[in-house]
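Please read all numbers here as calculations on a predicted model, not as lab measurements. The chain is numbered in sequence order, starting from 1.
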Amino acid sequence: MTSRSLTARRGVIVLFLIVVIGMGVSMARLLYMSVIDKRNYREKAENQQLSVDSTAANRGKIYDSNMNVLAQSASVWKVCVDPSRVTDDSVEKDSGKLVQGNKNLVVNGLSTILGIDAAETKASIESRADKKYLKIKDGVEVNERNKLLEYIEENNLSGVIFMEESTKRYYPNSELASTLIGFIGSDGNGLSGVEYYYDEVLTGTRGRIITAKDAKNNKLPNASTQTVSSVSGNNLVLALDQQIQTILQDALKTAYEETNAGNVYGIVMETKTGAVLAVANIPDFDPNSYKEVLYPSLVEYFKKYGKESEKANPVQAAQNTQWQNKSFSSLYFPGSVYKVFLVAGALEEGVITPETSYNCTGTIQAAGRTVKDYYTTGHGVETPETLLVNSCNCFSVFVGMKMGVDLYYKYFDAFGFTEKTGVDSQGDLNPKAGIAYHDPAISFSTSDLISSSFGQSISVTPLQIITAVSAIGNGGKLMRPYVVQKQTDENGNTVVETQPEVRRQVVSAETAAKVASYMSKVVKNGTGKNAYVPGYRVAGKTGTSEKTDRTDDAYIASFAGFAPYDDPDISVVVIIDDPQGDNYSGGIIAAPVAGEIFEKVLKYRGVTPVYDDDEISAMTGETPNVVGSAIAGVEKTLKDSGYTVRVIGSGSSVVSQMPESGKSIPANGVIALYTDSETPAEKVKVPDFTGLSVSEVRRVAEVNGLNVKISGSSDGSSGVTAYKQDKEKDTEVELGSIITVYCRNTSDVHD
């Protein structure tokens with residue numbers, strides 16, 4: 001065989017092998033596509049042949065405990081254009097006919113109905129002339145959508161302008177509980193608060209509409225449609241009560257404005273269950289427009305006190321801060337509030353007894369340090385009860401040293417300060433040992449113990465404090481706080497319901513009851529007297545701590561407590577962070593806020609006040625009902641009873657009165673009697689009561705034909721003055737109206 005023949009034969013063999021291998025590869029590929037990966041290729045084929053439109057699923061609603069809507073979703077639409085189907089406005093010949101382009105119709109219709117700029121819209125369409133999709137506007141609501149549908153039909157623009165259904169989240173109460181509820185982003189996912197924590201529960205399953213399409217991606221006119229319905233997300237019913245939330249938020253907002261503080265935050269909790277009834281942080285925000293900074297003072301705060309990065313962009317720093325639920329996530333030094341838990345642990349372990357005495361001279365020497373009390377002359381001989389009543393630092397150090405590092409840490413841990421609270425919401429902070437608190441396993445010196453004994457070198461969150469304080473009011477049981485009361489489906493059926501959960505027994509019921517009685521004396525006679533509410537037996541503790549991260553003098557004022565102390569219904573914590581001015585102690589500025597909250601919330605919840613003899617003797621009377629009585633007789637009777645009477649009109653009998661019958665007024669209060677229906681109500685201007693003593697407030701009210709209700713301290717001592725009133729100065733009100741005047745004591749409450 002010649003070399004040429006051999007070469008030819010080899011060529012044929014190689015060619016044959018190539019053909020065989022190629023066919024084998026093709027067969028293998030075909031086998032892989034048709035058998036092994038057939039699902040994937042079937043889906044690709046279907047995608048090319050089918051049009052799948054997504055339909056929005058409604059996000060679950062969020063309700064308060066009385067089924068008032070706090071957050072809900074509604075359908076909105078995204079308006080889009082297919083730029084490739086938008087034709088120029090020049091007249092062209094097409095199949096022998098003159099055809100007008102549709103660009104003007106598209107641009108003018110969109111700009112007029114949607115209120116958008118025509119020139120910008122036209123430029124956007126022209127810049128994407130070869131594309132099939134251009135978003136024009138998001139969040140179009142039903143009225144605009146219906147107008148646009150009519151316009152599309154009238155002008156034969158179907159397929160040129162089209163809409164995709166979506167949903168929009170609405171928060172009907174604006175700022176109310178905003179930092180707890182949170183908000184969602186443009187993609188519909190929760191970004192903060194309950195919206196974030198329960199995102200999977202609230203998010204529904206999107207539906208689908210499937211129809212056949214041609215090679216140009218147009219839906220076939222007679223094609224059948226398959227619909228898969230969307231499924232709404234579950235609803236959340238919070239433990240939060242909208243009315244209690246309003247009371248808390250209003251009180252904190254007033255405190256923020258009066259103290260010019262950096263932040264003010266607080267919580268109202270059901271003492272025995274751990275249910276969070278209200279939580280607020282000021283400054284807050286409106287989740288309907290969550291990027292807006294509602295408090296310009298917050299921006300200025302970061303310009304002055306922020307870190308370098310915050311000073312560089314104070315608006316962004318303000319946004320980030322206003323979204324934070326500081327009541328759950330912000331660490332602070334609790335100051336003297338912590339003395340409650342120090343005393344509880346020491347009593348439980350027998351380190352001290354209720355009869356243990358200590359002579360406070362104003363200073364104490366310990367571990368080479370000199371610790372001073374606010375009262376440098378000393379409190380004299382004290383017991384554990386007066387340790388809390390007077391908020392004595394020296395006695396606290398004495399008790400802390402007797403406990404030692406290990407016992408101190410045992411109760412710091414037991415009351416929940418080394419761990420998350422377990423609350424079902426974003427922001428439940430996990431404190432770090434060695435950073436937020438001293439841990440014997442890392443480092444816990446005697447000097448650390450001294451500072452920790454009066455709450456100055458340990459960091460806690462307001463949520464940790466209120467759960468720990470509630471444990472004192474709850475017989476020593478530490479509860480897991482919770483935000484969501486239950487989950488329901490779209491038909492209102494309960495899917496999951498939260499049950500109160502005891503985390504552990506921290507101290508015995510006997511120890512808890514003893515400490516609770518001490519705390520009631522703090523409010524009755526001690527540094528917490530500005531939280532006193534007649535009839536409601538408030539128990540609490542004040543605190544004032546220094547902010548060590550600042551070079552200037554900066555403080556945190558706080559109050560934490562519960563009421564009624566012997567059978568608690570609610571617990572309250574109030575934190576005023578970085579108040580400005582001379583008054584910065586918890587007893588002066590935080591306790592009155594807590595007292596106002598206790599008074600209004602307990603009354604709203606129907607808790608019956610129980611008055612002692614002193615309170616009964618100081619109580620005001622109820623306005624008698626004299627409508628229909630002859631004026632001659634009733635005027636004398638009322639005056640003989642000590643009331644100041646103003647008769648208005650020329651009739652012979654009383655047709656109306658102010659205040660109305662049953663209203664509580666002072667014993668020498670003003671009653672206006674109208675004797676005919678034609679005479680208009682007599683008006684008076686509200687005077688400025690702020691800065692006046694209790695007796696001066698009552699005298700000025702009487703002179704001006706008004707009645708006053710004193711809220712807060714009313715013992716008549718020289719240190720008690722009015723600091724707020726529910727009607728502003730110069731407001732016109734009816735003669736005899738009742739004005740609530742809030743008073744506080746500024747002496748002997750410095751803690």
Donor-acceptor pair, side chain of Asp199 and main chain of Tyr196, under 3.5 angstrom: no

Is a donor from one side chain sitting under 3.5 angstrom from an acceptor on the other, for Ser508 and Glu348? yes

Donor-acceptor contact present, side-chain Arg369 to main-chain Ser447, <3.5 Å: yes

For the residue pair Phe444 and His438, does the interplanar ring angle fall in the parallel (under 30°), tilted (30 to 60°) or perpendicular (over 60°) class? tilted

Side-chain donor/acceptor of Asp428 to backbone N/O of Gly422, under 3.5 Å: yes

Minimum side-chain heavy-atom gap Asp569-Val601 below 4.5 Å: no

Restricting to non-hydrogen atoms, name the atom on Ile267 and the atom on Ile466 that form the minimum distance, rounded to 0.1 Å. O-CD1, 3.5 Å

Does some side-chain heavy atom of Met401 sit less than 4.5 Å from a side-chain heavy atom of Ile450? yes

Do Ser396 and Asn393 meet the criterion of a side-chain donor-acceptor pair at a distance under 3.5 Å? no

Under 3.5 Å, is there a donor-acceptor pair linking the side chains of Ser391 and Ser336? yes

Regarding Tyr63 and Gln485, do their side chains bring together a donor and an acceptor under 3.5 Å, going by distance alone? no

Which pair of non-hydrogen atoms, one from Ile576 and one from Ala255, has the smallest distance, and what is that distance? CD1-CB, 4.3 Å

Output yes when a side-chain donor or acceptor of Gln249 lies under 3.5 Å from a complementary backbone atom of Ala280, and no otherwise. no

Determine the minimum heavy-atom distance between Val573 and Ala560, stating which atoms define it. CG2-CB, 4.1 Å

Could you go step by step and tell me if Lys272 and Asp567 meet the salt bridge (Lys or Arg N to Asp or Glu O under 4.0 Å) rule? CA-CA 9 Å; Lys272 297 176 183 177; Asp567 186 19; 2.4 Å; yes

Does any donor atom in the side chain of Gln245 or Asp64 lie under 3.5 Å from an acceptor atom in the other side chain? no

Can you see whether Thr271 engages Asn474 through a side-chain donor-acceptor pair at a distance of less than 3.5 angstrom? no

Distance from Glu599 atom CD to Ile597 atom CD1, nearest 0.5 Å? 11.5 Å

Side chains of Thr544 and Asp751 only: does a donor on one sit below 3.5 Å from an acceptor on the other? no

Hey, are the side chains of Glu596 and Val574 touching, using non-hydrogen atoms and a 4.5 Å cut-off? no

Any sub-3.5 Å donor-acceptor pair from Gln505's side-chain atoms to Val507's backbone N or O? yes

Decide yes or no for Met403 and Leu342: does some side-chain heavy atom of the first lie under 4.5 Å from some side-chain heavy atom of the second? yes

Residues, nucleotides or ligands: over 12 heavy atoms within 6.0 Å of Gln365 CD: yes

Go through the side-chain N and O atoms of Asn745 and Ser747 and say whether any donor and acceptor fall under 3.5 Å apart. yes

Between Gln242 and the options Leu70, Ile247, Asn66, the side-chain contact (heavy atoms from CB on, under 4.5 Å) test singles out Leu70

In short, Thr179 meets Asn325 closest at the heavy-atom pair O-CB, 3.7 Å

Got a second to check how far Leu387's CG is from Cys360's SG, nearest 0.5 Å? 9.0 Å

Working to the nearest 0.5 Å, report the span between NZ of Lys724 and SG of Cys743. 11.5 Å

Using modelled atom types and a 3.5 Å cut-off, is there a donor and acceptor pairing between side-chain atoms of Tyr536 and backbone atoms of Val607? yes

What do you reckon, is NZ of Lys253 surrounded by more than 12 foreign heavy atoms closer than 6.0 Å? yes

Do Val593 and Tyr742 come close enough that some side-chain heavy atom pair is under 4.5 Å? no

Does any pair with a residue in residues 409-426 pass salt bridge (Lys or Arg N to Asp or Glu O under 4.0 Å), and if so which ones, sequence neighbours excluded? Glu349-Lys410, Glu419-Arg503, Glu419-Arg504

Which residue pairs satisfy the salt bridge (Lys or Arg N to Asp or Glu O under 4.0 Å) criterion with at least one member in residues 385-403, sequence neighbours excluded? Glu385-Lys521

Rounded to the nearest 0.5 Å, what separation is found between the CG atom of Asn281 and the OG1 atom of Thr321? 11.0 Å

Does some side-chain heavy atom of Pro283 sit less than 4.5 Å from a side-chain heavy atom of Tyr256? yes

In short, Ala471 meets Ala512 closest at the heavy-atom pair O-CB, 4.4 Å

Nearest 0.5 Å please: distance from the CG atom of Asp578 over to the OH atom of Tyr584. 12.5 Å

So do Thr527 and Lys541 actually touch side chain to side chain, heavy atoms under 4.5 Å? yes

Which of Tyr332, Phe417, Phe415, Phe333 passes ring-ring contact (aromatic ring centres under 6.0 Å, His included) with Tyr338? It is Phe417

Ala516 versus Tyr565, closest heavy-atom pair with distance: O-CD1, 3.9 Å

Side-chain (Ser517) to main-chain (Lys514) donor-acceptor, under 3.5 angstrom: yes

May I have all residue pairs that pass salt bridge (Lys or Arg N to Asp or Glu O under 4.0 Å) and include part of residues 462-481, sequence neighbours excluded? Arg480-Glu501

Does NZ belonging to Lys61 count more than 12 external heavy atoms closer than 6.0 Å? no

Does Tyr265 reach the side chain of Val279, with side-chain heavy atoms less than 4.5 Å apart? no

Output all residues satisfying side-chain contact (heavy atoms from CB on, under 4.5 Å) with Asp250, sequence neighbours left out; order by chain, then residue number. Thr246

For Ala513, the side-chain contact (heavy atoms from CB on, under 4.5 Å) test, sequence neighbours excluded, returns none

Calculate, to the nearest 0.5 Å, the distance between atoms CZ and CG belonging to Arg537 and Asp612 respectively. 9.5 Å

With the threshold set at 4.0 Å, does a side-chain nitrogen-carboxylate oxygen contact exist between Asp577 and Lys547? yes

For Thr421 and Thr467, which I'm curious about, is there any donor-acceptor pair between the side chains at under 3.5 Å? no

Begin with the C-alpha distance, continue with both residues' side-chain angles, and end with the deciding distance and a verdict on side chain to side chain contact (heavy atoms under 4.5 Å, CB included) for Thr273 and Tyr482. CA-CA 9 Å; Thr273 66; Tyr482 64 91; 4.0 Å; yes

Hits for side-chain hydrogen bond (donor to acceptor under 3.5 Å, both in side chains) against Ser558, two or more places apart or cross-chain, chain-then-number order -> none

Around Tyr375, counting heavy atoms of other residues, nucleotides and ligands shown, do more than 12 lie under 6.0 Å from its OH? yes

